[in-house]
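Counting starts at 1 for both ligands and their atoms, in listed order.
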Amino acid sequence: MLKVSVKKIAGYLRWGVAGSFIVAAWGLGLTGVSNASGTYSAGQTATAEAAAYREECGACHVAYPSGLLPAASWTTIMTTLDEHFGENAEMTAESAAMISAYLTDNAGKAGRGVLKRIKGDAHLRITELPYFVRKHDEVPGRMVSGNKEVGSFSNCNACHQRAERGDFDEDSVRIPGYGRWDD
Ligand code: HEC
Ligand code: HEC
């Protein structure tokens, strides 16, 4: 088992007060900055963890923003990868350990911010949580399930053109077949 005792890398992937996304650190390697306060065994760095997350968990869908689920959810997801939404998403124990550390360190805080009404139970879907539902309630079904190029809300990057970079700002939304989002 990989032992990672990193002081909370909170602040990164933190959702802004006004509810707008400030997905810093993502892909910028900034997670390495706080290494001074944390110890990693086997030379692991937070940056390597973030990279493992993006690579392994970005293979079938975009690597979802860690701050949109509480730690309990990520832990459940990481311990049930053999039955992952109908797919087998198992990986090496080493990758899984790194990714679990990354996700729990960067998880959202149940009861606060975008997870305000979440009690910390292990919800598995971001797309079913109140914050997500509220942000998307003006997007009609014909643009999502009725749209061959989208299919479901889980397919973030179909509409959020900069999702790979962790940018979910509504200004960079372009819905296939419908164009830019103007509300
Ligand atoms: C083998 C393909 C595959 C891999 C690898 C994979 N996933 Fe998934 N994941 C899926 C599928 C399929 C869904 C369901 C998508 C849907 O409903 O449209 C899903 C859904 C999810 C959801 C719920 C999204 C929502 O609807 O809110 C989360 C969270 C998630 N995955 C996290 C992860 C994490 C973390 C990893 C890496 C440890 C990972 N996934 C790796 C296939 C994969
Ligand atoms: C069908 C297209 C579509 C998909 C798929 C989609 N979104 Fe969105 N999203 C939108 C639109 C449109 C808005 C702006 C809604 C508004 O402001 O009325 C939005 C807004 C947001 C916002 C708020 C941004 C802001 O500036 O306040 C977040 C966060 C977000 N989406 C995250 C996600 C995540 C994470 C996923 C995948 C799990 C996802 N979205 C999937 C279309 C989509």
Side-chain angles (χ1 to χ4, degrees), residues 13-23 26 49-108 113-116 118 121-183:
L13 289 183
R14 171 153 298 165
W15 315 102
V17 188
S20 78
F21 274 8
I22 306 164
V23 191
W26 195 278
E49 291 167 355
Y53 174 58
R54 281 199 309 275
E55 188 181 323
E56 299 276 1
C57 304
C60 301
H61 46 67
V62 77
Y64 297 116
S66 56
L68 291 185
L69 285 177
S73 299
W74 291 123
T75 300
T76 302
I77 287 171
M78 294 307 298
T79 50
T80 54
L81 286 177
D82 56 329
E83 288 177 45
H84 182 79
F85 302 91
E87 305 258 345
N88 185 338
E90 280 180 302
M91 55 191 65
T92 65
E94 191 194 3
S95 295
M98 285 173 77
I99 292 168
S100 295
Y102 171 79
L103 287 171
T104 50
D105 282 343
N106 294 283
V114 298
L115 300 179
K116 199 160 46 193
I118 303 302
D121 342 349
H123 301 270
L124 299 186
R125 282 191 183 269
I126 291 166
T127 52
E128 287 173 357
L129 297 188
Y131 171 79
F132 186 95
V133 172
R134 181 163 51 79
K135 283 289 179 185
H136 295 86
D137 64 359
E138 285 174 25
V139 188
R142 70 190 144 83
M143 295 186 183
V144 193
S145 49
N147 188 339
K148 262 198 273 191
E149 289 174 71
V150 180
S152 87
F153 271 123
S154 309
N155 197 8
C156 316
N157 54 334
C159 303
H160 290 276
Q161 303 297 314
R162 295 157 63 90
E164 310 279 354
R165 282 183 260 172
D167 176 355
F168 288 87
D169 197 287
E170 62 183 306
D171 294 340
S172 48
V173 171
R174 187 170 290 115
I175 301 180
Y178 296 89
R180 288 181 65 85
W181 180 258
D182 258 332
D183 69 346

Does an N or O anywhere in Met91 fall below 3.5 Å from an N or O of ligand 1?
no
Spatial distance of atom [atom1] ([X]) from atom [atom2] ([Y]) [nearest 0.5 Å]:
X      : Y      : atom1 : atom2 : result
His160 : Asp169 : NE2   : CG    : 9.5 Å
Arg125 : Ile77  : CZ    : CD1   : 9.5 Å
Trp181 : Ile175 : CH2   : CD1   : 5.5 Å
Leu103 : Met78  : CG    : CE    : 6.5 Å
Met143 : His136 : CE    : NE2   : 12.5 Å

Show the atoms of ligand 1 that are less than 4.0 angstrom away from any heavy atom in [X].
X      : value
Glu56  : 5 (C)
Trp74  : 29 (C), 35 (C)
Ile126 : 25 (C), 27 (O)
Ser152 : 18 (O)
Met78  : 38 (C)

For Asn157, all residues meeting side chain to side chain contact (heavy atoms under 4.5 Å, CB included), sequence neighbours excluded
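Val62, Asn155, Ala163, Glu164.
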Taking the side chain as everything from C-beta on, heavy atoms only, tell me whether Leu68 gets closer than 4.5 Å to Leu129.
no
Examine Cys156 and say whether one of its N/O/S atoms is closer to atom 8 (Fe) of ligand 2 than 2.8 Å.
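No, outside the cut-off.
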Option whose closest heavy atom lies nearest to [atom], chosen from [options]:
atom                    : options                        : answer
atom 27 (O) of ligand 2 : His160, Glu138, Arg125, Lys135 : Lys135
atom 8 (Fe) of ligand 2 : Glu149, Met143, His136         : His136
atom 22 (C) of ligand 2 : Tyr178, Phe132, Phe153, Phe168 : Phe168

Which heavy atom in [X] sits nearest to a heavy atom in [Y], and how many Å separate them?
X      : Y      : result
Leu69  : Leu124 : CD1-O, 4.0 Å
Asp167 : Ser172 : OD1-OG, 3.8 Å
Val139 : Phe153 : CB-CZ, 4.0 Å
Ala101 : Glu49  : CB-OE2, 4.0 Å
Pro130 : Ile118 : CD-CD1, 3.6 Å

Between Leu68 and ligand 2, which part of the residue brings a heavy atom under 4.0 Å of the ligand: side chain, backbone, both or neither?
side chain
Provide the number and element of each atom of ligand 2 under 4.0 Å from a heavy atom of [X].
X      : answer
Asp169 : 26 (O)
Tyr131 : 29 (C)
Cys159 : 1 (C), 2 (C), 3 (C), 4 (C), 5 (C), 42 (C), 43 (C)
Val144 : 1 (C)
Thr127 : 38 (C)

Does Leu124 reach ligand 1, in the sense of a heavy atom lying below 4.0 Å from it?
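Checking ligand 1 against Leu124, which is what was asked, there is a heavy-atom contact under 4.0 Å.
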Just wondering, more than 12 heavy atoms not from Glu90 lying within 6.0 Å of its CD?
yes
Near atom 8 (Fe) of ligand 1, meaning under 2.8 Å, the protein N/O/S atoms are His61 NE2, His84 NE2
Mark yes or no for whether Tyr102, through its side chain, and Ala51, through its backbone, hold a donor-acceptor pair below 3.5 Å.
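The answer is no, because no donor-acceptor pair under 3.5 Å joins these two groups.
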Expected output: side-chain Tyr53 to main-chain Tyr64 donor-acceptor under 3.5 Å
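Here the side-chain-to-backbone pair exists.
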Could you find the nearest protein heavy atom to atom 16 (C) of ligand 1 and give me its residue, atom name and distance?
Ser154 OG, 3.5 Å
